[in-house]
Protein chains: 4
Amino acid sequence: MSTRPPGHAAIVKAAREEFAERGYGATSIRDIAQRAGVSLSALYYYYKGKQELLVAILDDAHDAYFSSCQEALARAGEDPAEQLAAIVESTVRYRSTHPSKSNILLSEERSLQPEHLERYRANHAMATRQFRDIIERGVKEGVFLTPYPDDARRAVMAMCNAVAQWYEPGGVLSEDDLVERYVSLALTIVEYRPRAPRRPVPTSL
Amino acid sequence: MSTRPPGHAAIVKAAREEFAERGYGATSIRDIAQRAGVSLSALYYYYKGKQELLVAILDDAHDAYFSSCQEALARAGEDPAEQLAAIVESTVRYRSTHPSKSNILLSEERSLQPEHLERYRANHAMATRQFRDIIERGVKEGVFLTPYPDDARRAVMAMCNAVAQWYEPGGVLSEDDLVERYVSLALTIVEYRPRAPRRPVPTSL
Amino acid sequence: MSTRPPGHAAIVKAAREEFAERGYGATSIRDIAQRAGVSLSALYYYYKGKQELLVAILDDAHDAYFSSCQEALARAGEDPAEQLAAIVESTVRYRSTHPSKSNILLSEERSLQPEHLERYRANHAMATRQFRDIIERGVKEGVFLTPYPDDARRAVMAMCNAVAQWYEPGGVLSEDDLVERYVSLALTIVEYRPRAPRRPVPTSL
Amino acid sequence: MSTRPPGHAAIVKAAREEFAERGYGATSIRDIAQRAGVSLSALYYYYKGKQELLVAILDDAHDAYFSSCQEALARAGEDPAEQLAAIVESTVRYRSTHPSKSNILLSEERSLQPEHLERYRANHAMATRQFRDIIERGVKEGVFLTPYPDDARRAVMAMCNAVAQWYEPGGVLSEDDLVERYVSLALTIVEYRPRAPRRPVPTSL
DNA sequence: AATGAATGAGGGTTCATTCAT
DNA sequence: AATGAATGAACCCTCATTCAT
């Protein structure tokens, strides 16, 4: 997953960009080869076909996402608010930094052949579970007051996912500011109320 | 838009479903004809080609969405919270009732040929403006306290849009309940605080 | 099977010749289209693919062969020698008149996909049975003296089949003479001895 | 032809089996390399290409056949019946023991490039001549009574050749029995009648 | 002696579309 | 009003082969 033969990187990158721009079904394997600057045959030397490219991209995208999440969650403590902040930050950073990976991840499940669906769905379910578990624990501990934990979870995820569709890295909004806002919004959505031993410092990150 | 020849309806319906399931690029015009139960020639008799079908579908989807919004906004008064509730309700009902239209609307801009982009983008911008105007007015009037009106707007829209991807009409959650929750979540996101002289029952639809 | 759309005939004819000359595996579908004088797409309009062409050719070849056999056997009486003569004549005429059909029939079983094998093998078995039944009855009735009926049957069939590989219609040997010789050879192979009302013809080995 | 580098044997064997199973045109050089358990490059290190492999296989097959024939003919005396028996035995044993070689020999002339055709045809002609000369001498000497020597020759050859297509080494019929039957059939076909002054034990092998 | 990498040509098939009727 | 026939371009992929190492 980390070190691969030379041709791979350029090919996967090109495929990722094409898939993200046009969609898997509308992308021709020749477009990919041309964008990668390799011959059609070279592409087939490294990958068995278009579908395998998609699978490689999706697997890689999932791997990158989850390792980013794990790292952030490890840094966060036991506090549900801190954990929610961590996962939102990971997700937002991932969506803004890797919009191609994100958009493929979010829209090409339908292009997977049956034999690859299971793994994809397991990964997708795990991504969902990360959010759900945190929110449910926050609700149980009484710090997230939302009456609709599942819909709140969906709202938080949808909001984070959408970042991949509009955020422009070089724009007026820095990535750090973006993260700060989305963490704040997420805590608002779950109706976070700190347990307040002494001073509640409410919505600040 | 209202009264059309008989063949049209079945063809557009078939095209809409195919585009929604596979994506425009991955859908073949033969698949559409077959699904509609008409011959390939019949399809070309009614429509000039695949692109025209997409345009017809997008236009129709936009029309249906906006007329639903206008109706709801007309019923709502001047109160930003009421208006936000109205537009969220319209959007959620549209997404849950017409998932195919919604998903095409939300993902096939890239499949439009240049000459049709302008109208699509105008419509898209109008949809955005509907939300933005309401939220901005709520902020100006001091009933929406969110510090990030634009991000809140994106969150509300993303949340509503996502409904088209997961909601199952016959499932445990009725459409009315769904709407109630999403209106509530939207008001939470914009941090709605009623102006409160006499307590106007805040989260009610 | 008898009357088909216009394009069919030329396409099947071209495919048959190409398959016979180069073999199924070495024949390109473009060669067939070119030989038939139609476009590649026209070919696919009439036939689903290369395999379907092969199946159509094999089915047609079997049909033509069997109807020729049935006709001849119907004309022949109950006498095994007459029947053997009839089937040898049918087979030899078929091989000499339709060498392409014959050679494909005799060599392209391996090119059939599994789903078409059963029918092919049933037909092949029936062709074998025609010879076997006649020879076995001749042996049982005491007019075919061969001690190896099964090997005699194989020899007769192999001899007839080989005609497709060498006989030249316009050559020195007329088709009628060819038939006469092969009938004679077949009767020799099964060691035919007529039942001899009075004198039993001495030439016994 | 006798002692070759190690890689050769496995490669030629694999090529022979593939060619026999699928035909030259339908066999890919990758299939051969894989079956031989060597890399594609290794194959090209030993052989210049697919065509050269076919040529090597055909030459080897011819060599093996002719040396078997020569040996048998050398053991046989001057008697045409004995000689026919010898050549039939050689051919049948070859067809049953080396079905792959046999079937390639009998069906891949068409796959040869022009520059290799001449040698192939010379070999093929020699194989034919072996049978023809013996039969013609038998006819001239009056021991083969067949009125159609050439057709008898074709029948005998076709019968022997077909063995490669149906005989199963481990089956009910031993190779020796097979040979005995085919020699007997061949003598029947040429209508062998021993010259008979002192009874030279006719059909004995 | 042996191989991983790469290629251009061609494989079978499907595409959106047109046209004569 | 409606369709069967036909097309050329493009599709994904595999081919036999070469070459630098």
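Convention: sequence-line order gives letters A, B, ...; per-chain numbering from 1.
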(request) Can you check whether any acceptor in the base of E:dG4 is under 3.5 Å from a donor in the side chain of D:Ser41, or vice versa? (result) yes
(message) Determine whether a donor-acceptor pair (N or O, by modelled atom type, separation under 3.5 Å) exists between the side chain of A:Gln51 and the backbone of A:Gln113.
(response) yes
(request) Determine whether more than 12 heavy atoms belonging to other residues, nucleotides or ligands lie under 6.0 Å from atom NE2 of D:His124. (result) no
(message) Should the side chain of B:Arg30 and the base of E:dA16 be counted as holding a donor-acceptor pair, with the cut-off at 3.5 Å?
(response) yes
(request) Remember a base hit wins even if backbone is also touched, and classify B:Ile29 as base, sugar-phosphate or nothing at under 4.0 Å, heavy atoms. (result) base
(message) Would you say A:Arg95 and A:Ser102 are linked by a side-chain donor-acceptor pair, where the criterion is simply a distance under 3.5 Å?
(response) yes
(request) Measure up the C:His98 and C:Tyr94 rings against each other and bin them: parallel (under 30°), tilted (30 to 60°), perpendicular (over 60°). (result) tilted
(request) Using both pair distances under 3.5 Å as the test, note the stems of at least 3 consecutive Watson-Crick or G-U pairs that include DNA chain F. (result) E:2-21 with F:2-21
(request) Might you work through the side chain to side chain contact (heavy atoms under 4.5 Å, CB included) test for B:Tyr46 and B:Glu52, ending with a clear yes or no? (result) CA-CA 10 Å; B:Tyr46 288 114; B:Glu52 203 188 83; over 6 Å; no
(request) Identify which nucleotide among E:dA5, E:dT18, F:dC11 has an atom closest to any side-chain atom of B:Tyr44, counting heavy atoms from C-beta outward. (result) E:dT18
(request) Would you indicate which nucleotide in F:dA5, E:dT17, E:dG4 comes nearest to any side-chain atom of C:Tyr45? (result) F:dA5
(message) So does A:Tyr24 get a backbone contact from the side chain of A:Ser111, meaning a donor-acceptor N/O pair under 3.5 Å?
(response) no
